[in-house]
Q: 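Dropping a structure here in structure tokens format, bear with me for questions.
This chain uses plain numbering: 1 for the first residue, then up along the sequence.
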Amino acid sequence: MKVSVLVAVYNAGPYLRKCLDSLVNQTHRDIQIICVDDASTDDSWQLLEEYAAKDERIVLLRQSENRGQAEARNRGLQVAEGEYITMLDSDDWFSPDAIESACRMAREEGNACDCVLFDLCYHDDSTGSEWGYAYRTEARHWTGEEAFRLSLDWSIHGLYMVRREIHLRHPYDTGSRLYSDDNTTRLHYLDSRSVARCEGVYFYRQHAASMTHTISPLRFLYLDA
């Protein structure tokens, strides 16, 4: 089972090695790592070239101007070859078995399993502390409509791998430069026949430089989304 991973990169130099190391060292080897540099002005592109020279599974794309995560991911989506597609932010990382765990769950659930959530662990850069996502349900299997409804109030999160055909039908919403991937997530759930949750971990880094945590006028884009 081939999985394509979309990585949108913008000035991620301090964090990018950990992200890429977590991908090239996945226990599931049949992956396509699509990195889209969104006109970075730091050393991100040089780091991407360094890793691509060592691993032929890495595909590099480069935007001529900064256009936001959604457009960068959509460009990567155009060349995705995997049966399933997932995304990893360039400052986050996967546990070594994350994709293997998701693929195993998809196989065990049968052909109707269109979407598999990763387990989610927050990591605070300032303290080194980690804590799991506060799910509001103990279930690990849902219909697509159930997952859609649960996602509306964040009873479940939006970090998952999804069948390629569904992602192509619903590319990332470009209506806002930030946050609009939440809208796409809910459409993916709604269009899935069944959704499951695996034990592979997505590590979500919390740090002051994050686009979604920085205090700036960009926070108002949440209203657009």
Q: Do the numbers put Arg186 on top of the ring of Trp154, so that NZ or CZ is under 6.0 Å from the six-membered ring centre and no more than 45° off the axis?
A: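 Relative to the ring axis of Trp154, which defines the angle, Arg186 lies inside both limits.
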Q: Determine the interplanar angle of the Tyr160 and Tyr189 rings, folded into 0 to 90°, and report it as parallel if under 30°, tilted if 30 to 60°, perpendicular if over 60°.
A: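 Plane angle between 30° and 60°, so tilted.
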Q: Under 3.5 Å, side chain of Ser95 to main-chain N/O of Val201, donor-acceptor pair present?
A: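 Checking the backbone N and O of Val201 against the side chain of Ser95, a donor-acceptor pair under 3.5 Å is found.
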Q: Do any N or O atoms from the side chain of Ser4 and from the backbone of Ala80 form a donor-acceptor pair under 3.5 angstrom?
A: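 Not a single qualifying donor-acceptor pair exists.
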Q: If we ignore hydrogens and angles and just use 3.5 Å, is the side chain of Ser151 paired with the main-chain N or O of Phe148 as donor and acceptor?
A: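 Yes, the answer is positive, given that a donor and an acceptor are paired below the 3.5 Å cut-off.
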Q: Any non-hydrogen side-chain atom of Arg136 less than 4.5 Å from a side-chain atom of Leu150?
A: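 No; the side chains remain at least 4.5 Å from each other.
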Q: Between Arg73 and Met87, is there a donor-acceptor pair closer than 3.5 Å when you use the side chain of the first and the backbone of the second?
A: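 No, because the side chain of Arg73 does not come within donor-acceptor range (under 3.5 Å) of the backbone of Met87.
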Q: Minimum heavy-atom separation for Ser22 and Leu88, please, with both atom names.
A: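 That would be OG-CD2, 4.0 Å.
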Q: Group every Ile, Leu, Val, Met, Phe, Trp and Tyr by side-chain heavy-atom contacts under 4.5 Å, then state whether Phe203 and Val7 land in the same group.
A: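 No: no chain of side-chain contacts under 4.5 Å links Phe203 to Val7.
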Q: Any chance you could lay out the side-chain hydrogen bond (donor to acceptor under 3.5 Å, both in side chains) test for Thr185 and Asp182, step after step, and finish with the verdict?
A: CA-CA 5 Å; Thr185 290; Asp182 298 342; 5.3 Å; no
Q: Checking Thr137 side chain against Ala139 main chain: does a donor-acceptor pair fall under 3.5 Å?
A: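 Side chain of Thr137 to backbone of Ala139: a pair is present.
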Q: Measure from the side-chain N and O atoms of Arg29 to the backbone N and O of Val24, and report whether any donor-acceptor pair falls under 3.5 Å.
A: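 Yes; judged by distance alone, with no hydrogens or angles, the pair exists.
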Q: Could Arg197 and Asp119 be called an ion pair, given the rule that one side-chain N must be under 4.0 Å from one carboxylate O?
A: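 A salt bridge links Arg197 with Asp119.
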Q: So do Ile85 and Met161 actually touch side chain to side chain, heavy atoms under 4.5 Å?
A: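 SC-SC contact between Met161 and Ile85 ruled out.
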Q: Output the distance between atom CG (Leu60) and atom CD1 (Ile34), rounded to the nearest 0.5 Å.
A: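 Rounded to the nearest 0.5 Å, the CG-CD1 separation comes out at 10.5 Å.
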Q: Between Leu6 and Val36, is a side-chain contact (heavy atoms from CB on, under 4.5 Å) present by the stated rule, with each step listed?
A: CA-CA 8 Å; Leu6 307 177; Val36 186; over 6 Å; no
Q: Please give me the minimum heavy-atom distance between Asp173 and Ala70, naming the atom from each residue.
A: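 Scanning both residues completely, I find the closest heavy atoms to be O-CB, 3.4 Å.
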Q: Just how far is it from atom CG of Asn25 to atom CZ of Phe94, taken to the nearest 0.5 Å?
A: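 One finds 13.5 Å between CG of Asn25 and CZ of Phe94.
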Q: What I want to find out is whether Glu145 reaches Arg193 closely enough, with some N-O distance under 4.0 Å, to be called a salt bridge.
A: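 Salt bridge absent between Glu145 and Arg193.
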Q: May I have the step-by-step check of side-chain contact (heavy atoms from CB on, under 4.5 Å) for Arg169 and Asp191, ending in yes or no?
A: CA-CA 9 Å; Arg169 282 198 295 270; Asp191 203 10; 2.9 Å; yes
Q: Keeping the roles fixed (side chain from Ser44, backbone from Tyr10), state whether a donor-acceptor pair exists under 3.5 Å.
A: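 No, because the side chain of Ser44 does not come within donor-acceptor range (under 3.5 Å) of the backbone of Tyr10.
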Q: Is the CD atom of Gln46 crowded by more than 12 outside heavy atoms at less than 6.0 Å?
A: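 Enclosed.
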Q: Can you tell if the side chain of Leu47 reaches within under 4.5 Å of the side chain of Arg17, non-hydrogen atoms only?
A: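 When only atoms from C-beta onward are counted, Arg17 and Leu47 do touch, with a gap below 4.5 Å.
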Q: Give a yes or no on whether the backbone of Glu146 and the side-chain of Thr143 come within a donor-acceptor separation of less than 3.5 Å.
A: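 Flag set: sc Thr143 to bb Glu146 pair under 3.5 Å.
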Q: Will you find, in the side chains of Gln32 and Arg57, an N or O donor that is under 3.5 Å from an N or O acceptor?
A: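 Judged by distance alone, the side chains do not pair up.
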Q: Quick one: closest heavy-atom pair of Ala147 and Ile156, and the distance?
A: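 Scanning both residues, the minimum pair turns out to be O-CD1, 3.5 Å.
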Q: Evaluate the side-chain proximity of Arg140 to Glu199: yes if any heavy-atom separation is below 4.5 Å, no if none is.
A: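 Side chain of Glu199 against side chain of Arg140, heavy atoms only: contact under 4.5 Å found.
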Q: Could you state whether Trp142 and Leu187 fall into the same hydrophobic cluster, counting links through intermediate Ile, Leu, Val, Met, Phe, Trp or Tyr residues with side-chain heavy atoms under 4.5 angstrom apart?
A: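 Unlinked, Trp142 and Leu187 end up in two clusters.
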Q: Taking atom types as modelled, is there a side-chain donor on Glu100 or Thr27 under 3.5 Å from an acceptor on the other?
A: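 There is such a pair (donor and acceptor under 3.5 Å, judged by atom type) between the side chains of Glu100 and Thr27.
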Q: Rounded at 0.5 Å granularity, tell me how far CD in Glu108 sits from SG in Cys198.
A: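 Those atoms lie 10.5 Å apart.
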Q: Asp38 side chain to Ala72 main-chain N or O, any donor-acceptor pair under 3.5 Å?
A: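 Absent.
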Q: Below 4.0 angstrom, N of the basic side chain to O of the carboxylate: do Arg75 and Glu71 qualify?
A: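 Between Glu71 and Arg75 there is no salt bridge, as every charged N stays at least 4.0 Å from the carboxylate O atoms.
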Q: Under the ring pair (Phe, Tyr, Trp, His ring centres under 6.0 Å) test, which residues partner Tyr135, sequence neighbours left out?
A: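 Scan of Tyr135 (ring pair (Phe, Tyr, Trp, His ring centres under 6.0 Å), adjacent residues dropped) gives Tyr133, His157.
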Q: Using the salt bridge (Lys or Arg N to Asp or Glu O under 4.0 Å) definition, which of the options Asp125, Asp91, Asp92 pairs with Arg205?
A: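 When salt bridge (Lys or Arg N to Asp or Glu O under 4.0 Å) is applied between Arg205 and each of Asp125, Asp91, Asp92, only Asp125 qualifies.
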Q: Can you sort out the partners of Thr127 under side-chain hydrogen bond (donor to acceptor under 3.5 Å, both in side chains), two or more places apart, ordered by chain and number?
A: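 Only Ser129 meet the side-chain hydrogen bond (donor to acceptor under 3.5 Å, both in side chains) criterion with Thr127.
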Q: For Thr86 and Tyr202, run side-chain contact (heavy atoms from CB on, under 4.5 Å): C-alpha distance rounded to whole Å, both residues' side-chain angles, the deciding distance at 0.1 Å, then the answer.
A: CA-CA 11 Å; Thr86 187; Tyr202 184 111; over 6 Å; no
Q: Starting from the C-alpha separation in whole Å, work towards a yes-or-no answer on side-chain contact (heavy atoms from CB on, under 4.5 Å) for Ile33 and Cys35.
A: CA-CA 6 Å; Ile33 304 166; Cys35 300; 3.9 Å; yes
Q: What residue among Arg164, His167, His188, Arg163 forms side-chain hydrogen bond (donor to acceptor under 3.5 Å, both in side chains) with Asp114?
A: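 Output: one option passes, namely Arg163.
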Q: Got a second to check how far His28's NE2 is from Leu23's CG, nearest 0.5 Å?
A: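 Atom-to-atom, His28:NE2 and Leu23:CG are 12.5 Å apart.
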Q: Is it the case that one hydrophobic cluster holds both Leu16 and Trp93, taking links as side-chain heavy atoms less than 4.5 Å apart, direct or via other members?
A: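 Different clusters.
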Q: Check ring pair (Phe, Tyr, Trp, His ring centres under 6.0 Å) between Tyr51 and all other residues, then give those that pass, not counting sequence neighbours.
A: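 If we apply the ring pair (Phe, Tyr, Trp, His ring centres under 6.0 Å) test to Tyr51, skipping adjacent residues, there are no hits.
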Q: Under 3.5 Å, side chain of Ser40 to main-chain N/O of Asn11, donor-acceptor pair present?
A: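 Here the side-chain-to-backbone pair exists.
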Q: Side-chain contact, heavy-atom cut-off 4.5 Å: Cys19 with Asp21?
A: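 No. Closest side-chain heavy atoms not under 4.5 Å.
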Q: How far does CG of Leu20 sit from CD1 of Ile58, to the nearest 0.5 angstrom?
A: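 If I round to the nearest 0.5 Å, the distance is 6.0 Å.
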Q: If you define the side chain from C-beta out and look only at heavy atoms, does anything of Val5 sit under 4.5 Å from Ile99?
A: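 Heavy-atom side-chain distance check passes, below 4.5 Å.
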Q: If you compare all heavy atoms of Gln63 against all heavy atoms of Arg67, which two are closest, and at what distance to 0.1 Å?
A: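 Closest heavy-atom pair between Gln63 and Arg67: NE2-CD, 4.1 Å.
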Q: Is the gap between the ring centers of Trp131 and His123 under 6.0 Å?
A: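 That pair fails the under 6.0 Å test.
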Q: If the test is side-chain contact (heavy atoms from CB on, under 4.5 Å), which one of Glu83, Met1, Lys2 qualifies with Asp30?
A: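 By the side-chain contact (heavy atoms from CB on, under 4.5 Å) criterion, Asp30 pairs with just one of Glu83, Met1, Lys2: Lys2.
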Q: Can you see which heavy atom on Gly144 is nearest to which on Val195, and at what distance?
A: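 Nearest pair, atom of Gly144 first, then Val195: CA-CG2, 4.2 Å.
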Q: Output the distance between atom CH2 (Trp45) and atom CG (Asp37), rounded to the nearest 0.5 Å.
A: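 With rounding to 0.5 Å, CH2 (Trp45) is 6.0 Å from CG (Asp37).
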